[in-house]
J.: 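One structure follows; several queries about it will come next.
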2 protein chains.
Amino acid sequence: MKGANVIKVLIAEDQSLILGALAALLDMEDDIEVVARAVNGKDALKLAADTSPDVVVTDIEMPGMTGLEFAQALKEKQHPAKVIIVTTFARPGYLRRALSAGVKGYLLKDAPANQLAEAIRKVKDGGKAIAPELATEAWDADDPLNDRERQVLRLAGEGLTSGDIAKQLFLSEGTVRNYLSEAIGKLGASNRIEAARIARQKGWL
Amino acid sequence: MKGANVIKVLIAEDQSLILGALAALLDMEDDIEVVARAVNGKDALKLAADTSPDVVVTDIEMPGMTGLEFAQALKEKQHPAKVIIVTTFARPGYLRRALSAGVKGYLLKDAPANQLAEAIRKVKDGGKAIAPELATEAWDADDPLNDRERQVLRLAGEGLTSGDIAKQLFLSEGTVRNYLSEAIGKLGASNRIEAARIARQKGWL
DNA sequence: CCGGGCATGTGACAAACGTCACAGACCGGG
DNA sequence: CCCGGTCTGTGACGTTTGTCACATGCCCGG
């Protein structure tokens with residue numbers, strides 16, 4: 001549990017207070033050493049190259065580059081570090097995207113505090129650590145929206161009218177209404193507001 | 001910095017991982033001792049009575065009883081503990097409600113990690129600790145909504161139709177439309193969706 | 001008791017929304 | 001080449017939304 005056997009960890013988290021607190025939590029473990037901290041994905045990418053951590057712990061929602069994009073980038077660079085996502089959001093869509101980015105762990109912020117260290121050890125040894133409440137329902141539904149529907153729905157969720165959306169996407173208003181109608185149908189909603197809410201909650205944005 | 005001079009702290013935070021991490025962070029300080037932890041406002045209230053902490057650090061958004069309601073309750077019981085709010089949300093409405101509940105500190109989760117301990121010491125000594133980015137803009141706008149408008153707008157933001165809202169609140173549909181129209185006007189929005197978005201973002205729910 | 005707020009309801013109207021059937025354009029595979 | 005998708009647009013239709021003027025009832029202070 002010492003010397004060369006220490007697990008080197010990089011933490012990425014945009015809320016500094018949480019970042020510091022997580023670091024303090026992990027530093028209490030004998031076999032874990034926090035070798036670097038980053039407040040966004042870009043910094044994390046650079047620091048990962050410099051400090052070659054064994055495991056990266058990252059949030060998802062960060063300004064600039066999200067944790068998911070960061071994991072994707074690490075994978076493309078064939079960096080050997082294992083990635084663990086720690087997030088507030090139990091959204092199946094997030095987990096799916098995370099897994100296809102090669103992420104090895106996905107924990108929720110309301111998991112017990114000791115699970116983080118456990119997950120790090122497990123992942124370091126080649127295992128996986130997925131939050132149990134998500135492991136099962138991850139595959140309950142695929143994102144049924146296509147790109148246009150997603151774009152239109154996102155803008156509708158901001159409060160734009162069909163006409164506004166049409167102008168922004170260079171479509172006719174009728175077409176926008178058609179896409180919205182499609183999306184509402186696919187999501188089982190009864191209007192654009194509910195549809196946007198559902199899509200957001202599932203992580204389909 | 002030891003013995004009777006240690007500051008006794010209670011932490012309330014619904015995300016266990018963050019709760020544990022914050023506790024670890026504070027336990028590193030010689031003059032601070034975490035005497036209790038709670039994952040919601042109700043537990044916090046009971047533990048505050050049992051352990052008589054000097055300072056309570058609490059999140060706002062927790063299931064059941066929010067941090068703001070908790071602060072209010074502590075004040076009504078005339079409990080001597082000072083309250084520090086730690087939250088993600090820089091919403092003027094929240095800060096205002098917090099201050100009128102007698103809260104002594106209001107920090108954002110993206111503040112530097114060492115500020116929490118600093119804030120605790122400051123508040124313990126009778127001072128205040130308000131996140132600087134909020135201190136100024138706290139008074140830029142008052143919540144213009146009345147209770148009915150708030151209720152109606154909240155439901156509208158969920159995607160309910162005017163008719164649904166009317167049934168739920170035992171109002172006529174026309175009245176619901178009137179309240180919505182009022183709210184939309186007051187908030188400078190152009191439809192219910194935008195109005196809900198604005199109100200949510202300002203912390204007026 | 002009166003007057004003025006406030007909460008609630010009504011009716012009417014234009015605008016926006018949601019649905020549907022359908023049509024042209026394009027693109028790829030057989 | 002034609003056939004089948006997918007994307008986009010149109011027109012029509014009934015429904016919901018947003019706005020406004022106005023009515024009713026209720027309570028509180030003078």
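Bear in mind the structure is a predicted one, so any value in this text is a computation, not a measurement. Convention: sequence-line order gives letters A, B, ...; per-chain numbering from 1.
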J.: Are there any protein N/O atoms within less than 3.5 Å of an N/O atom in nucleotides 6-9 of chain C, and if so, which ones and at what distance?
T.:
unit_1: dT8(C); atom_1: OP1; unit_2: R148(B); atom_2: NE; d: 3.2
unit_1: dT8(C); atom_1: OP1; unit_2: R148(B); atom_2: NH2; d: 2.8
unit_1: dT8(C); atom_1: OP2; unit_2: R148(B); atom_2: NE; d: 2.9
unit_1: dT8(C); atom_1: OP2; unit_2: Y179(B); atom_2: OH; d: 2.3
unit_1: dG9(C); atom_1: OP2; unit_2: S172(B); atom_2: N; d: 2.9
unit_1: dG9(C); atom_1: OP2; unit_2: T175(B); atom_2: OG1; d: 3.0

J.: Report yes or no: does K75(A) contribute a side-chain atom to a donor-acceptor pair with the main-chain N or O of S100(A) at less than 3.5 Å?
T.: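 Confirmed, K75(A) side chain pairs with S100(A) backbone.
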J.: Regarding D43(B) and K46(B), does a basic nitrogen lie under 4.0 Å from an acidic carboxylate oxygen?
T.: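 Judged by the 4.0 Å cut-off on N to carboxylate O distance, D43(B) and K46(B) do not form a salt bridge.
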J.: Whole Å only: how far is the CG atom of L169(A) from the C1' atom of dC7(D)?
T.: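 For the pair L169(A) CG and dC7(D) C1', the rounded distance is 14 Å.
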J.: S162(B) side chain N/O closer than 4.0 Å to the phosphate oxygens (OP1, OP2) of dT16(D)?
T.: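 No, because none of the side-chain N or O atoms of S162(B) sits under 4.0 Å from OP1 or OP2 of dT16(D).
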J.: Measure CG/L145(A) against P/dC7(D) and give the value in whole Å, please.
T.: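 About 13 Å, once rounded to whole Å.
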J.: Is the terminal nitrogen or CZ of R91(B) (NZ for Lys, CZ for Arg) located under 6.0 angstrom from the six-membered ring centre of F89(B) and within 45° of that ring's axis?
T.: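 Judged by the rule (NZ or CZ under 6.0 Å from the ring centre, within 45° of its axis), R91(B) counts as positioned above F89(B).
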J.: Starting at CG of L187(B) and ending at P of dG18(D), how long is that distance when rounded to a whole Å?
T.: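 That distance rounds to 13 Å.
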J.: Does G127(A) offer a backbone N or O that forms a donor-acceptor pair with the side chain of D125(A) under 3.5 Å?
T.: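 A pair under 3.5 Å: no.
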J.: Pull out every residue in residues 150-161 of chain A that has a heavy atom closer than 4.0 Å to any atom of DNA chain D, ordered by number, or say none.
T.: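 Of all residues in residues 150-161 of chain A, none places a heavy atom under 4.0 Å from DNA chain D.
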J.: Please check the phosphate of dG18(C) (OP1 and OP2 only) for any side-chain N or O of R192(A) closer than 4.0 Å.
T.: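 Answer is yes, contact under 4.0 Å.
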J.: Round to the nearest Å and state the distance from E194(A) atom CD to dG18(C) atom P.
T.: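 Taking CD of E194(A) and P of dG18(C), I get 11 Å after rounding.
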J.: For K122(B), I'd like to know if atom NZ has over 12 heavy atoms of other residues, nucleotides or ligands within 6.0 Å.
T.: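 It does not: K122(B) NZ has 12 such atoms or fewer within range.
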J.: Out of the candidates L155(B), I165(B), L160(B), T161(B), only one should pair with V176(B) under the side-chain contact (heavy atoms from CB on, under 4.5 Å) rule; please name it.
T.: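 Per the side-chain contact (heavy atoms from CB on, under 4.5 Å) rule, the option paired with V176(B) is I165(B), out of L155(B), I165(B), L160(B), T161(B).
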J.: Rounded off to whole Å, could you give me the CD1-to-P distance for the I165(A) and dA16(C) pair?
T.: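 It works out to 13 Å between those atoms.
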J.: Any donor and acceptor pair, going by atom type alone, linking the side chain of K186(A) with main-chain N or O of P144(A) inside 3.5 Å?
T.: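 Indeed, once roles are kept as given, a pair shorter than 3.5 Å links the two residues.
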J.: Does K42(A) NZ have over 12 foreign heavy atoms under 6.0 Å away?
T.: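 Not buried by this count: 12 neighbours or fewer within 6.0 Å.
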J.: Tell me the interatomic distance from E182(A), atom CD, to dC20(C), atom P, rounded to whole angstroms.
T.: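 Whole-Å distance recorded here is 10 Å.
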J.: Take atom CD1 of I193(B) and atom C1' of dC17(C), then tell me their distance rounded to the nearest Å.
T.: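 Rounded to the whole Å, the gap is 10 Å.
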J.: Check each of L22(A), L25(A), V55(A) against I11(A) using the side-chain contact (heavy atoms from CB on, under 4.5 Å) test, and report the only one that passes.
T.: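 For I11(A), the side-chain contact (heavy atoms from CB on, under 4.5 Å) test succeeds with only one of L22(A), L25(A), V55(A), which is L22(A).
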J.: Rounded to whole angstroms, how far apart are CZ on R177(B) and P on dA21(D)?
T.: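 Distance, rounded to whole Å: 16 Å.
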